[in-house]
K.L.:
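Would you mind keeping the following structure in view while I ask a few things?
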Amino acid sequence: MLKKAGLLTAALSMSVAMAACGNDNNGNDGENLDADDVSGDDVDAVEWRMVTEETEGQVQMVYAEEFADTLYDLSDGQIELDVYGFGELGSEVDQVEQLSTNIIEFAVISPGFTGTLVPEGNLFALQFLFPDDLRQAQDILNESEAINTTLREKYEEHSITPLAFWTEGAMQWTGSSPLQTPEDFDGFQMRTQESPLILRSYEAYDANPTAMSWGELYTGLQQGQVEGQENPLFFIEDANFNEVQDYLTISNHNMYVTMTTVNTEFYNGLDDATRAIVDEAVEQMRDRAFEIQEEQNEGALERIEEATDTPTEVYELTEEEREMFRELAAPVRDFYRENEGDDAAEILDTLMEEMDEMME
Ligand code: 6CS
């Protein structure tokens with residue numbers, strides 16, 4: 001049971017109300033607005049853009065399209081959000097740059113692509129940190145002040161405001177050889193996202209990790225440039241990685257975390273009514289994001305197993321095997337504390353305290 005569940009949500013609603021009080025620098029008159037009190041008459045007609053790291057039908061795209069519909073409905077058709085999929089505006093790292101320079105207003109960005117820009121965001125690369133129970137883990141993402149206040153401020157230094165942190169599911173390993181013990185990772189060419197701490201986490205298992213865009217990954221696996229990768233099951237199936245991988249390990253070594261983000265100056269410059277609608281749309285999408293990933297992850301394993309023309313041997317790690325990985329992953333936390341930015345230690349230590357309290 002999460003003891004503090006609801007506290008941060010309440011604090012966030014307060015901050016929505018406070019933002020709606022006009023205590024910002026956008027020249028509003030201080031009227032106390034709630035999203036319920038706002039209608040299309042209160043906001044200007046605008047057309048914004050949002051980019052995601054995924055393609056049509058995948059979790060981030062379904063999320064972004066529903067977020068756009070929610071904004072449209074809440075504003076009585078005044079706010080239009082055009083959604084772009086992965087590859088339409090560049091690579092994942094290009095998208096981070098476009099958001100931080102306000103070329104686009106909104107983006108779904110995974111911390112795995114911001115590790116050099118915001119080192120504290122490498123928090124999410126730490127394996128075996130969050131509870132295995134995804135619902136609990138999502139509640140922590142929703143409620144943690146270390147994440148939603150301190151880490152958010154670190155992103156805001158780069159003009160990126162994370163409005164919500166959410167999971168796309170537990171990550172699993174695939175390989176061209178079995179991955180069951182740390183020894184299996186010895187010298188193993190593991191593909192990871194860009195963030196240096198993800199690479200470091202695999203070096204802790206003596207693997208030989210390489211950062212690569214997922215756009216190159218199918219071919220990279222097929223041609224043996226890399227031998228394995230990590231992702232939630234829906235993504236492994238939808239990107240067809242199982243076609244070019246012989247082994248899949250249910251490792252649950254980490255959850256995939258992504259963020260709904262907005263350019264900070266753009267967001268702070270919105271009038272109160274418009275910002276109240278944006279905040280309300282983000283809140284309405286919180287539980288939906290969890291449902292979307294559940295819908296897509298459910299059944300993906302079965303479909304991978306049923307694809308007998310491209311057979312994949314599935315193995316689920318025992319708790320003893322997971323413990324061996326957990327022990328090797330633990331020292332990476334100290335590396336994070338000491339090397340990933342001024343506030344890394346505070347963020348991790350506060351988060352761990354929050355998790356202890358919430359899971360009492
Ligand atoms: O592995 C990746 O890089 C991709 N995985 C997911 C679940 N979403 C987008 C990301 O770029």
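Each ligand, and each atom within it, is numbered from 1 in the order the structure gives.
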K.L.:
Report yes or no: does Arg322 contribute a side-chain atom to a donor-acceptor pair with the main-chain N or O of Ser251 at less than 3.5 Å?
P.N.:
yes
K.L.:
I want to confirm something. Looking only at heavy atoms, which of Glu92, Glu54, Glu53 is nearest to atom 8 (N) of ligand 1?
P.N.:
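When every heavy atom of Glu92, Glu54, Glu53 is considered, Glu54 comes closest to atom 8 (N) of ligand 1.
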K.L.:
Is Phe86 in contact with ligand 1, taking contact as a heavy-atom separation below 4.0 Å?
P.N.:
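Flag not set, Phe86 not near ligand 1.
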K.L.:
Backbone, side chain, both or neither: what part of Arg191 comes under 4.0 angstrom of ligand 1, heavy atoms only?
P.N.:
side chain
K.L.:
Is the shortest N/O to N/O distance between Glu230 and ligand 1 below 3.5 Å?
P.N.:
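No, Glu230 has no N/O under 3.5 Å of an N/O on ligand 1.
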K.L.:
Taking the basic N atoms (NZ, or NE/NH1/NH2) and the acidic carboxylate oxygens, is any pair closer than 4.0 Å for Arg135 and Asp139?
P.N.:
yes
K.L.:
Do the rings of Tyr63 and Trp166 sit parallel, tilted or perpendicular, given the 30° and 60° boundaries?
P.N.:
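Because their plane-to-plane angle is under 30°, the rings of Tyr63 and Trp166 count as parallel.
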K.L.:
With a heavy-atom distance limit of 4.0 Å, tell me whether Asn231 approaches ligand 1 through its side chain, its backbone, both, or neither.
P.N.:
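Contact part for Asn231 vs ligand 1: side chain (C-beta onward).
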K.L.:
With a sphere of 6.0 Å drawn around CZ of Arg333, does it hold more than 12 non-hydrogen atoms of other residues, nucleotides or ligands?
P.N.:
yes
K.L.:
Quick check with a 6.0 Å cut-off and a 45 degree axis cone: is Arg49 positioned over the face of Phe106's six-membered ring?
P.N.:
no
K.L.:
Looking only at the side chains, is there a donor atom on one of Glu105 and Asn263 sitting less than 3.5 Å from an acceptor on the other?
P.N.:
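Looking only at side-chain atoms, Asn263 and Glu105 do not form any donor-acceptor pair under 3.5 Å.
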K.L.:
Just need the protein heavy atom nearest to atom 2 (C) of ligand 1, so name the residue and atom and give the distance.
P.N.:
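Answer for atom 2 (C) of ligand 1: Gln193 NE2, 3.3 Å.
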K.L.:
Any sub-3.5 Å donor-acceptor pair from Ser110's side-chain atoms to Gly112's backbone N or O?
P.N.:
no
K.L.:
Please could you name the atoms of ligand 1 that Phe113 approaches to less than 4.0 Å, counting only its heavy atoms?
P.N.:
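With Phe113 as reference, the close atoms of ligand 1 come out as 3 (O), 11 (O).
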K.L.:
For atom 10 (C) of ligand 1, which protein heavy atom lies nearest, and how many Å away is it?
P.N.:
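Here the closest protein heavy atom is Tyr256 OH, 3.2 Å.
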K.L.:
Return the closest protein heavy atom for atom 11 (O) of ligand 1 as residue, atom name and distance.
P.N.:
Trp214 CD1, 3.0 Å
